[in-house]
Every structure is written in structure tokens, then in C-alpha cells.
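Take a look at the structure below.
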Amino acid sequence: MTTGTGRLDYFGIDPLLSEDERLTRDTVGRLVDREVIPRIGRAWLAGEFPRDLVGRLGALRLFGANLPQEYGCAGMSNIAYGLIMQELERGDSGVRSFASVQGALVMYPIFAYGSEEQRRAWLPAMAAGEKIGCFGLTEPNAGSDPGAMQTRARRVSGGWALDGTKMWITSGSIADVALVWAKAEDGVVRGFLVDPHTPGFSAHDIHTKASMRASVTSELVLENVRIREEDALPGAVGLGKALGCLTQARYGIAWGAVGAAIACYEEALAYARDRIAFGRPIAATQIIQERLVNMLSEITTAQLLAYHLGRLKDAGTMRYTQVSMAKRNNVRMALRVAREARTILGGYGITLEYHAMRHAANLESVDTYEGTYDVHTLILGRDITGIDAFGAPES
Ligand code: TGC
Ligand code: FAD
């Protein structure tokens, strides 16, 4: 049922992986077992992102690991990249979230839409974890509908001036560079690399979270922030470019959610074997066995979905609607598994000495960000019916 390293593999996916992919997963898995899991409950309770991990992960070139080696990245397959996300989220969704934002939402657009100078300036340092990025798309009044953003970019001599507010920005106050999306005077959305030390820029952390507590989440305020022309991403023109970044991050989340679910399932299985009630292990009861079988079946289905999505991405044939299906399915699956695990753990399950409750709380955010479950339903609904059900039709 498990692989040599103890990773859950009921359907024998392990032999389908390359040697490099297995090695990557096991290396990250050991790091997470040693450096994340023993202390993450305390960090979560304290509301602290374990920042020292950034250098550890960077030393292994785990950020933007599917980007090319010529920019200091690891040049791994998309399956290997997905396995990294799975292992990080087996530790905590906040740790995976940091890596998603760094790699998929900041490094990827610099690679895909940036100039050669921008790539050389940022990608090697970000791959090594020496520089941190954040991605500012969402606003206080524009989340699911980013096209309704209010942040504005005005042309000024030598560049641009940005005004607006971004909300719920992962790594916002610890970033060395903020990729901010703003609407220009012609109504076209553009992406800008903003130095947080620029006058008029400020970041304010959100401290009242009951989810993603081991992750920094901030509000960004931009008041007449002046950007040089060379800090605009030349290819980041049009809302579709911002949405293209989301596809990369959602791909990683589809894998990451599997990791969170595995952590919860393995914890619940071990507990059920040990916990005695009515004179026998609770694992000996039919109801607990059914819960565990349902959890394992759901995880296995999600693993197969993620694996095949990865092969499509490696082949260059993946569609963004397929990513929506995998993100939607796998995150909701993980949320169900985490809640079931919490139930099996009884009263102990509400503490942070066990992991299920923390994962369940985190997964509430994961279910919402990068497109809510319902938004992905509508993306898929539009794809299969050809009818847009998001809002009022244009007059
Ligand atoms: P729509 O007409 O759908 O799209 C405009 C153009 O973009 C194309 N497109 C995509 N391209 C690549 N990837 C995608 N995912 C794409 N989605 C759309 C589309 O084909 C079109 O191209 P063209 O050439 O025809 O112009 O635009 P819309 O305004 O109707 O969009 C609706 C909707 C709901 C699909 C979209 O806006 C959406 O996905 N909303 C959800 C917003 C969201 O996910 N925000 C995430 C913010 S970042 C974040 O949460 C980080 S969390 C931290 C972490 O990742 O761990
Ligand atoms: P809304 O869009 O207001 O949605 C509220 C509810 O209405 C949802 O249930 C939604 O599904 C539903 N709804 C909306 N439209 C429709 C419709 N047409 N039909 C049916 N139902 C609908 N954003 C970034 O840009 N960068 C980040 O780094 C980032 N990190 C995040 C980290 C965390 C911890 C969280 C919680 C969020 C983060 N986000 C980030 C923001 C995230 O992407 C948004 O919260 C998400 O897109 C939803 O937007 P909203 O919160 O404004 O909800």
C-alpha cells in the first residue's frame, strides 16, 4: 500500500515516476518530516511563518523548480514540481502557499512575460530563496472577478504611477518584489514589478486569520507609486496574462491538496489502530473502517488526477479548464478527508498536537483562493455548455 519511503500509494503510481521524480519527492519529504512537521503546530498557533525554511528550500532549488536551469532554476519535470508541492503541503498549506506564490505567481510571469534583463535580475535569486516575491491581483472589492479591479496605472514621464489597494496578498509584507496588476488608462490590465521601498507603497499584515496562520497575508496600499518603464513586464498585457499565472499555481495546488489529505489519513489510520474504545481498537469497528476506506479512495482518485494532469502539462497539452477540475476536486477532497480525520481523532483532534484540525482550517483558504470551488464550477460549466453563467451578459 505504501512505497519504500512510506508515501501513500494504493494504486501503484510510484513505478510510473522517473528515478529523478522519486528522488525529488523523497528528499523534500524527509525535509518536511524533519524541519516542518515537528514544529508547525506551534508556529501556526503563534501566527508565524517559519521563514528560515526559505533558505533551506532555496538551497535545494525547490522554488520555480519547473523553470529552466539557464535562469538558476532546477529545470525539473512538472510531475517533480507537483510532488514538491505535495510534500510541502503534507507539512502545511502555508508552506506550500509560499512556494506556489514564489514559483508559480512571481517567477513564472517574470520568465514568461519578462524581459531578458528582468529574468536575469530576479530568477536566480528567487530560485535560491534570496529574494521573495508576492502577487497582487485580488482587491477588497474584486476577488473572483479580477477584471473589476480598481487599481490604476497612469503613464508618467519615464514610466508609470500606480494607485490602488490589493487584499489577501500572501508574503505581502516580507516580499522584495511585488508583482502588481493594474488597469491602464486604455482599460488594459498590465503587470508591474514594484520595489516595496518605493515611496507610496505600504504592506499591512492581516492578524485575525483562523486559517493559514503559518503564512503571511497582507494588504498592499499603493499611493502614486512611481514605476520605471523597465519595471513593467513587457509581455504582461491583458487580464489573460494574469489568469495564465493562476493556471500555474492551481496546478501546484491540485498536487498540494493531496499532500494535506495524506497527512490527515495517515494520522487517522494510526490513531484508529491504537485508540481503544469499548474494549477494542476503534479501527475494528465497521464505521471507522468505512471512513478510512472512503478517505483512501478519495485520495487515490485525486492522486491519479494530479498524476495525469502532470503528464499532460509535461506534454504541453494541458488545458486550463482541466486544471480547474483538478484544483476544484482535489481541494474539496482534502477538506472532506481532513474533517473525517478530525472526527476519528475525537477530542484530541481539535488540538494542534495532531495535524488534522490545522489542515482542515488551512484548506478552507485553499478552497477559496486561486478561484473558489464555485468559480471553478462555473469555469467548467462554461466549458461544457458554452454558456457563461458568471454575471450579467454584456448589453
Ligand atoms: P475570461 O473571459 O474568462 O478570460 C479572459 C482571457 O483569459 C483567458 N483565460 C485564461 N488563460 C489562462 N489560464 C486561465 N486560467 C484562464 N482563464 C481565462 C481566456 O481564454 C480569455 O482569453 P481571450 O484570448 O479570449 O481574451 O475572463 P473573465 O473576466 O470572464 O474571468 C472570469 C474568471 C472567473 C474565469 C476568472 O476571472 C477567474 O479565474 N477568477 C478567479 C480569480 C482567482 O483565482 N484569483 C486568484 C488570485 S491569486 C491567489 O489567490 C493566490 S493564493 C496563494 C497560492 O496560490 O497558494
Ligand atoms: P468573492 O469573489 O467576493 O466571493 C464570495 C463568494 O461568492 C464565494 O463563495 C464565491 O464563490 C461566490 N461567488 C462570486 N461570484 C460568483 C458567481 N458569479 N456565481 C456564484 N457564486 C459566486 N489573492 C492574490 O491576488 N494574491 C495572493 O497571494 C492571495 N493569497 C491569498 C491567501 C489567502 C489565505 C486567502 C484567503 C486569499 C488569498 N488571495 C490572494 C485572494 C483570493 O484569491 C480570493 O479570496 C478569492 O479569489 C475569492 O475572492 P473574494 O475573497 O473577494 O470572494
Side-chain angles (χ1 to χ4, degrees), residues 49 85 88-89 92-106 108-109 112 132-149 151 164-175 178-181 188-189 191 203 205-206 208-220 237-257 260 318-328 331 361-383 388-394:
F49 170 60
M85 298 298 131
L88 293 180
E89 196 149 359
D92 189 80
S93 299
V95 176
R96 194 273 307 139
S97 213
F98 177 91
S100 284
V101 171
Q102 179 88 347
L105 292 182
V106 185
Y108 168 79
I132 294 175
C134 72
F135 178 87
L137 179 65
T138 305
E139 301 187 354
N141 295 312
S144 298
D145 183 12
M149 71 173 65
T151 300
T165 305
K166 297 291 175 181
M167 191 63 181
W168 304 114
I169 307 307
T170 301
S171 305
S173 66
I174 58 170
L179 170 39
V180 172
W181 296 90
V188 176
V189 171
D205 286 348
I206 299 163
T208 50
K209 293 178 295 175
S211 169
M212 283 291 178
R213 289 189 54 77
S215 171
V216 173
T217 314
S218 320
E219 177 190 41
L220 308 182
V237 180
L239 180 64
K241 296 296 167 67
L243 299 177
C245 305
L246 304 186
T247 298
Q248 308 303 313
R250 291 166 180 172
Y251 169 79
I253 291 171
W255 281 90
M318 180 184 85
R319 288 184 285 118
Y320 77 77
T321 50
Q322 293 169 326
V323 181
S324 280
M325 183 179 282
K327 191 272 181 184
R328 175 181 183 273
V331 176
N362 284 340
L363 287 161
E364 292 290 342
S365 285
V366 185
D367 198 58
T368 287
Y369 70 33
E370 285 293 353
T372 67
Y373 180 88
D374 293 334
V375 159
H376 289 295
T377 304
L378 298 181
I379 289 172
L380 288 160
R382 180 170 67 180
D383 192 42
D388 187 322
F390 280 103
E394 283 178 31

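Computed from heavy atoms alone, side chains included, the values below leave out hydrogens, waters and symmetry copies. Each ligand, and each atom within it, is numbered from 1 in the order the structure gives.
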| task | Ignoring angles and geometry beyond distance, decide whether Thr170 reaches within less than 3.5 Å of ligand 2 through its nitrogen or oxygen atoms. | result | yes
| request: Salt-bridge test for Asp383 and Arg319: reply yes if a basic N is under 4.0 Å from a carboxylate O, no otherwise. | output: yes
| Should the proximity of Leu378 to ligand 1, defined as any heavy atom under 4.0 Å, be assigned to the side chain, the backbone, both, or neither? | neither
| field | Options His376, Glu370, Arg250, ranked by nearest heavy atom to atom 50 (O) of ligand 1, top entry | value | Glu370
| said: Looking only at protein heavy atoms, which one is nearest to atom 35 (C) of ligand 2, and what is the separation? | reply: Tyr369 CD2, 3.9 Å
| Taking only heavy atoms of Ile379, which atoms of ligand 1 are found under 4.0 Å from at least one of them? | 35 (C)
| field | ligand 1-proximal atoms of Thr372, by part, heavy-atom distance under 4.0 Å | value | neither
| note | residues 208-217 vs salt bridge (charged side-chain N to carboxylate O under 4.0 Å, His left out), sequence neighbours excluded, gives none
| said: If the cut-off is 4.0 Å to any non-hydrogen atom of Arg382, which atoms of ligand 1 fall inside it? | reply: 3 (O), 30 (O), 35 (C)
| said: Check contact between Gly143 and ligand 1, using heavy atoms of the residue and a distance below 4.0 angstrom. | reply: yes
| task | Would you mind checking which non-hydrogen protein atom is closest to atom 27 (O) of ligand 1, with the distance to 0.1 Å? | result | Leu243 CD1, 4.1 Å
| Does the side chain of Tyr369 come under 3.5 Å of the side chain of Thr170 through a donor N or O and an acceptor N or O? | no
| said: Please work out, at 4.0 Å between heavy atoms, whether the side chain, the backbone, both, or neither of Phe390 comes within that distance of ligand 1. | reply: side chain
| Counting from 1, what ligand 2 atoms have a heavy atom of Thr138 closer than 4.0 Å? | 23 (N), 24 (C), 25 (O), 40 (C), 41 (C), 42 (C), 43 (O)
| So which protein heavy atom does atom 51 (O) of ligand 2 come closest to, and at what separation? | Trp168 NE1, 4.4 Å
| message | With a 4.0 Å cut-off on heavy atoms, is Gly240 in contact with ligand 1? | response | yes
| request: Any atoms of ligand 1 less than 4.0 Å from a non-hydrogen atom of Ser97? List them with their elements. | output: 53 (C), 54 (C), 56 (O)
| What protein heavy atom sits nearest atom 11 (O) of ligand 2, and how far off is it? | Thr372 OG1, 2.7 Å
| remark: Atoms of ligand 1 under 4.0 Å from any heavy atom of Gly244, numbered from 1 in the order shown, are 12 (C), 13 (N)
| field | Closest non-hydrogen atom pair between Ala175 and Gly133, with its separation | value | CB-C, 4.0 Å
| Those atoms of ligand 2 less than 4.0 Å from some heavy atom in Ile169 | 24 (C), 25 (O), 26 (N), 27 (C), 28 (O)
| Got the closest protein heavy atom to atom 45 (N) of ligand 1, with its distance? | Leu246 CD1, 3.7 Å
| message | Tell me the protein heavy atom at minimum distance from atom 46 (C) of ligand 2, and give that distance in Å. | response | Thr368 O, 3.6 Å
| query | Protein heavy atoms: any of them under 4.0 Å from atom 17 (N) of ligand 1? | reply | yes
| Where ligand 1 meets Ser144 - atom numbers and elements under 4.0 angstrom, heavy-atom basis | 34 (C), 37 (O), 38 (C), 40 (N), 41 (C), 42 (C)
| So does Met325 have more than 12 non-hydrogen atoms from other groups sitting under 6.0 Å from CE? | no
| message | What protein heavy atom lies closest to atom 14 (C) of ligand 2? Include the residue and the distance to one decimal. | response | Ser144 OG, 3.8 Å
| task | State whether a side-chain donor-acceptor pair under 3.5 Å links Ser211 with Asn362. | result | no
| Just which atoms of ligand 1 are under 4.0 Å from any heavy atom in Pro146? | 37 (O), 40 (N)
| task | Using a 4.0 Å heavy-atom threshold (strictly under), name the region of Val375 that reaches ligand 1: side chain, backbone, both or neither. | result | side chain
| task | May I ask you to list the atoms of ligand 2 that are less than 4.0 angstrom from any heavy atom of Leu137? | result | 25 (O)
| Atoms in ligand 1 flagged as close to Thr247, the criterion being non-hydrogen separation under 4.0 Å | 12 (C), 13 (N), 14 (C), 15 (N)
| field | Minimum-distance protein heavy atom relative to atom 50 (P) of ligand 2 | value | Gly143 CA, 3.9 Å
| query | In the protein, which heavy atom is nearest to atom 20 (C) of ligand 2, and how far is it? | reply | Leu378 CD1, 4.1 Å
| query | Can you tell me which residue and heavy atom of the protein come closest to atom 20 (O) of ligand 1, and the distance to 0.1 Å? | reply | Tyr320 OH, 3.7 Å
| request: State if Val366 counts as touching ligand 1 under the rule of any non-hydrogen atom under 4.0 Å. | output: no
| said: Hydrogens and angles aside, do Glu139 and Thr151 bring a side-chain donor and acceptor to less than 3.5 Å of each other? | reply: yes
| request: Could you list the atoms of ligand 1 found under 4.0 angstrom from a heavy atom of Thr138? | output: 47 (C)
| Nearest-contact summary for atom 28 (P) of ligand 1 - protein heavy atom, Å | Leu239 CD2, 4.6 Å
| field | Under-4.0 Å heavy-atom contact between protein and atom 25 (O) of ligand 1 | value | no
| Is the closest N or O pair between Val375 and ligand 2 shorter than 3.5 Å? | no
| message | Would Gly371 count as a polar contact of ligand 2, with the cut-off being nitrogen or oxygen pairs under 3.5 Å? | response | no
| query | Just distances here: any N/O of Phe390 and N/O of ligand 2 closer than 3.5 Å? | reply | yes
| Could an N or O of ligand 2 be found under 3.5 Å from any N or O of Ser365, whether backbone or side chain? | no
